[in-house]
Number of protein chains: 2
Amino acid sequence: MGTTGRKLRADAERSIRTIMEAAERVLSENPGATMEQIAEAAGVARTTIHRRFASREALIDIMTVAAWREIAEAVDAARPSTAPPQVAMYQATANVLRVKSGWRFALTNRGPLSGEAARIEADVIGKCDLAIRRGQQEGAIRPDADPLWVRRVYLALLTEAAHGPHPGHAGPPAETPAETDADIDELATRVMDTLIRGFGPARPEADRPRED
Amino acid sequence: MGTTGRKLRADAERSIRTIMEAAERVLSENPGATMEQIAEAAGVARTTIHRRFASREALIDIMTVAAWREIAEAVDAARPSTAPPQVAMYQATANVLRVKSGWRFALTNRGPLSGEAARIEADVIGKCDLAIRRGQQEGAIRPDADPLWVRRVYLALLTEAAHGPHPGHAGPPAETPAETDADIDELATRVMDTLIRGFGPARPEADRPRED
DNA sequence: GATAATTGCAACACTGATGTATCGGATAAT
DNA sequence: ATTATCCGATACATCAGTGTTGCAATTATC
C-alpha cells in the first residue's frame with residue numbers, strides 16, 4: 001500500500017527513498033531485475049519493499065511520476081515563458097540533464113505512459129514545442145525545419161548527452177558519474193550547439209578550406 | 001538445437017524465418033513477450049520454436065546476429081571506401097534505415113553484445129568512425145567537432161528516423177510502416193541534412209530576418 | 001518509559017514461463 | 001511409393017518471481 005495517505009514514521013520515509021534510489025540504480029542496468037536484487041541493493045528485506053509498494057508495477061509507476069515531476073520542476077525553473085528563449089532553453093537543457101542522469105531508468109521510454117506521468121509528460125512536451133516555435137520566430141531555428149523533427153532530435157540529443165560516456169576527462173567508467181556543474185554545462189553547451197549550429201560549417205564560404 | 005549444422009527440410013527453414021519475423025514484430029512492441037505469444041504470432045506451436053531454438057536467449061542471439069549481418073551488408077553495399085564520402089554516407093544511411101526498421105527489436109541496445117554480433121558491431125562502428133574522419137578532412141564536418149559525439153548523434157538520428165512516426169503523410173499508425181523507397185530517401189535526407197547542416201541558419205547574416 | 005510503528009526473517013501459496021518428452025498425422029525429398 | 005523429417009498437441013517437470021502472513025526484535029515518537 002504505497003500511497004495510502006497515512007503519516008509515516010521518519011525511518012519509513014527514509015526507507016522509501018533508499019528503495020527508490022536503489023531501484024533506479026539496479027533497473028537502469030537491468031530493466032528486468034528482480035525485487036530481490038533491488039532489495040539487496042537497497043540494504044533492506046524484500047518484504048519491506050512490498051510493504052511500501054503494492055507491487056513491482058506500482059514501484060515503477062511511482063518512480064516514473066517522481067522523475068517526471070522533477071523534470072517539470074527543472075523546466076519551470078528555467079522560466080521558459082519569461083526569460084529570453086536562448087537563455088531559457090540553455091538553462092532548461094542543463095537542468096533537465098541533471099535530473100535525467102539521476103533517473104536513467106525511470107525516464108527511458110518503455111511504452112506510452114499513463115495517469116499522472118502522462119499528464120506531466122504532455123505538459124513538458126508542450127513547453128518544449130513552444131520553445132521550438134519561439135526559436136523559429138526568433139531566427140535561431142530555420143523556419144522551414146519540421147518542428148516535430150526538431151523536437152525529436154532535441155530529445156534524442158538529451159538522452160544521448162545524459163547517458164553516454166563522459167566527454168572531457170576519459171575517466172574510469174563509473175556507474176553513477178556524479179556529474180559536476182562543469183560537466184553539466186559542457187554537456188548542455190554541446191547539446192545546444194549541436195541543435196542550433198549543427199555540425200556543418202557555419203559559413204558556407206568556408207566549406208572548402210584549402211590548406212594555406 | 002538451433003545452429004547444429006544439419007540439412008534442414010525446406011519447410012523447416014521456412015518455419016525458422018517465420019518465427020524470427022514474428023518474434024521481431026512481437027518483441028519490438030513488448031520486449032518481455034513470452035514464447036507463447038511469439039508462437040501465436042508466428043502461427044506455430046510453442047514447441048516448434050523450442051525445436052528450432054535451444055532457448056529464448058538463443059533465439060534472440062540468433063536474431064541479433066542476423067540483424068547485424070544485414071546492417072554490415074547495408075553498409076558495405078554503399079562502397080564506403082571507394083565512393084565519394086558524401087554519396088557513400090548518404091547511401092549507407094538509406095540502406096541502414098531500411099534494415100533498421102525491419103529489426104527494430106534486434107537492433108535496440110539491451111546491454112553490450114557478445115560473440116559474433118559484437119564483432120560485427122565493432123566492425124560497423126569502425127567504418128562509421130572512418131567515414132566521419134574522412135568527412136572532417138573533406139570539410140563536410142567541422143574539424144573541431146568531437147568525432148565521438150558526432151558518431152553518437154548520428155546513431156541517435158538513425159534510430160530516431162527509423163523508429164519514429166512518419167513525416168510526410170500522417171497516415172494510420174501501422175506497426176510495420178512498410179516504408180517505400182521515397183520514404184527512405186526522405187528520411188535519409190533528413191538525417192544527413194540534420195547531421196551536416198544542422199538546424200541553424202546556413203548563413204549567419206540571415207539569423208535576424210526582420211519582417212519586411 | 002510507554003506506545004505504536006517499522007523492520008527482518010522465515011514460511012507459504014500462487015502464478016507464469018521455460019524447457020522436455022512423446023506420439024500420431026502430415027509433408028517434403030528421393 | 002517409400003522414407004526421413006517435420007509439425008501440432010498434450011502432458012509433465014521445473015524453476016523463478018511475486019505477493020502474503022505471522023512473529024519477534026528493534027526503533028522512533030510522545
Side-chain angles (χ1 to χ4, degrees), chain A residues 1-64 66 105-106 110-111 114, chain B residues 1-64 66 105-106 110-111 114:
Chain A
M1 300 98 175
T3 46
T4 21
R6 276 265 307 286
K7 295 179 191 176
L8 288 177
R9 235 168 62 176
D11 52 351
E13 306 225 44
R14 212 178 315 146
S15 285
I16 294 183
R17 280 199 173 182
T18 310
I19 291 172
M20 288 208 284
E21 286 170 7
E24 170 55 41
R25 241 177 307 150
V26 174
L27 290 174
S28 69
E29 290 204 347
N30 174 18
T34 69
M35 300 294 258
E36 187 63 48
Q37 296 174 278
I38 297 174
E40 189 185 7
V44 301
R46 185 174 63 92
T47 48
T48 301
I49 302 186
H50 281 109
R51 229 182 255 115
R52 298 297 161 210
F53 302 92
S55 68
R56 184 193 155 89
E57 194 188 350
L59 167 61
I60 294 180
D61 279 359
I62 292 176
M63 286 170 58
T64 306
F105 167 78
R110 299 175 300 283
S114 60
Chain B
M1 303 98 172
T3 46
T4 21
R6 276 264 307 286
K7 295 178 192 175
L8 289 177
R9 234 168 61 177
D11 50 352
E13 306 227 44
R14 211 178 315 146
S15 285
I16 294 183
R17 281 200 170 182
T18 309
I19 291 171
M20 289 208 283
E21 286 169 13
E24 170 56 41
R25 242 176 305 147
V26 173
L27 290 174
S28 68
E29 290 205 346
N30 174 20
T34 70
M35 300 293 258
E36 186 64 48
Q37 298 174 276
I38 297 174
E40 189 186 7
V44 301
R46 186 175 63 92
T47 49
T48 300
I49 300 186
H50 282 108
R51 228 191 296 277
R52 297 301 162 205
F53 302 93
S55 67
R56 183 194 156 90
E57 195 188 350
L59 168 61
I60 294 180
D61 279 0
I62 293 177
M63 285 171 58
T64 306
F105 168 78
R110 299 177 300 285
S114 60

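In what follows, every chain begins at residue 1, and chains take the letters A, B, ... in the order their sequences are listed.
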So which protein N/O to nucleotides 2-5 of chain D N/O distances come out below 3.5 Å?
residue : atom : partner : partner atom : Å
D/dT5   : O2   : B/Arg9  : NH1          : 2.3

Original post:
Below 3.5 Å, does any donor atom in the side chain of B/Arg46 face an acceptor in the base of C/dG19, or the other way round?
Top reply: yes
Original post:
Taking only residues at least two apart or on different chains, which pairs with a member in residues 33-46 of chain B satisfy salt bridge (Lys or Arg N to Asp or Glu O under 4.0 Å)?
Top reply: B/Glu36-B/Arg46
Original post:
If you count the non-hydrogen atoms of other residues, nucleotides and ligands that lie under 6.0 Å from CZ in B/Arg110, is the total more than 12?
Top reply: yes
**OP:** Would you indicate which nucleotide in C/dG19, C/dG8, D/dG8 comes nearest to any side-chain atom of A/Thr47?
**Re:** C/dG8
Original post:
Can you find a donor-acceptor pair, distance only, under 3.5 Å between A/Arg51 side chain and C/dG8 base?
Top reply: yes
Original post:
Which one, C/dA28, D/dG17, C/dA17, comes nearest to the side chain of B/Asp11?
Top reply: C/dA28
**OP:** Indicate whether OP1 or OP2 belonging to C/dT7 is found under 4.0 Å from a side-chain N or O atom of A/Thr48.
**Re:** no
**OP:** Give the angle between the helix axes at the two ends of the helix from C/dG1-D/dC30 to C/dT30-D/dA1, taking five base pairs at each end and rounding to 10°.
**Re:** 50°
Original post:
So do A/Val26 and A/Phe105 actually touch side chain to side chain, heavy atoms under 4.5 Å?
Top reply: no
Original post:
Any side-chain N or O of A/Ser15 less than 4.0 Å from the OP1 or OP2 oxygen of C/dT7?
Top reply: yes
Subject >> Spatial distance of atom OG (A/Ser15) from atom CG (A/Leu8) [nearest 0.5 Å] >> reply: 10.0 Å
